[in-house]
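Just so you know, these numbers use all the heavy atoms, side chains as well, and skip hydrogens, waters and symmetry mates. These figures come from a predicted structure and were not determined experimentally.
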Amino acid sequence: DEAPQIKGGMQALLKHLRYPRVAQNAGMEGIVFLKVLVNENGITERAEIIKASPPNIGFEESALEAIKKVTWKPAKQRDRDIRVQVSIPVQFKLVSS
């Protein structure tokens, strides 16, 4: 009935995200799509990469590390916390100062 939510929203995830140095130096931006298994306690049990664009720049490793550090508000079904798999996009954008 309710999908899991990252506690603190995407801002919480962004705090753990490290921009790969190679990509930053090259001025590259990217996106990684993850498949995440969130258990009934709000913990990431498993995370895997569905797709990364561009691949093999370091975005994949950074996204996986960050998603493992966040906690979740578990998914609910009929008022019970349940274990569920979700897909989540993690976007890497350069910030100009």
Return the set of residues passing side chain to side chain donor-acceptor pair (under 3.5 Å) with E40 (not counting sequence neighbours), or none when no residue passes. none
Keeping S87 on the side-chain end and K35 on the backbone end, is there a donor-acceptor pair under 3.5 Å? no
Before you tell me yes or no, could you show the steps for V86 and W72 under side chain to side chain contact (heavy atoms under 4.5 Å, CB included), namely the whole-Å CA-CA distance, both residues' side-chain angles and the distance that decides it to 0.1 Å? CA-CA 12 Å; V86 292; W72 299 77; 4.3 Å; yes
Please lay out, stage by stage, how V32 and I49 fare under the test side chain to side chain contact (heavy atoms under 4.5 Å, CB included). CA-CA 7 Å; V32 178; I49 292 147; 4.2 Å; yes
Quick one, F92 and S62 - any side-chain contact, counting heavy atoms below 4.5 Å? yes
Set out, in order, the CA-CA distance, both residues' side-chain angles and the distance that settles side chain to side chain contact (heavy atoms under 4.5 Å, CB included) for T44 and N39, then state yes or no. CA-CA 7 Å; T44 300; N39 72 17; over 6 Å; no
Does the pair D79 and E2 meet the rule for a side chain to side chain contact (heavy atoms under 4.5 Å, CB included), with working shown? CA-CA 9 Å; D79 296 326; E2 261 182 62; over 6 Å; no
Same apolar cluster (I L V M F W Y, side chains within < 4.5 Å links), M10/I31: no
Please report the closest heavy-atom contact between P74 and G42, naming both atoms and the distance. CG-N, 3.8 Å
Which atoms form the tightest heavy-atom contact between L13 and V70, and what is the distance? CA-CG1, 3.8 Å
Could you report the tightest heavy-atom contact between P20 and I57, atom names first, then the distance? CB-O, 3.7 Å
Atom pair CG/NZ of L14 and K93 - distance to nearest 0.5 Å: 12.5 Å
Side-chain heavy-atom pair P4, K73 within 4.5 angstrom cut-off: no
Quick note, side-chain hydrogen bond (donor to acceptor under 3.5 Å, both in side chains) partners involving residues 5-33, not counting sequence neighbours, are none
Would a single hydrophobic cluster contain both M28 and L94, if residues Ile, Leu, Val, Met, Phe, Trp and Tyr are joined by side-chain heavy-atom contacts under 4.5 Å? yes
Find the distance between NZ (K69) and CG (L64) and round it off to the nearest 0.5 Å. 11.5 Å
Atom of L37, atom of Q85 and distance for their closest heavy-atom approach: CD1-N, 4.0 Å
For D1 and R78: C-alpha separation, side-chain torsions, deciding distance, then whether salt bridge (charged side-chain N to carboxylate O under 4.0 Å, His left out) applies. CA-CA 7 Å; D1 300 342; R78 294 185 210 98; 5.8 Å; no
Donor-acceptor under 3.5 Å (N41 side chain, I43 main chain): no
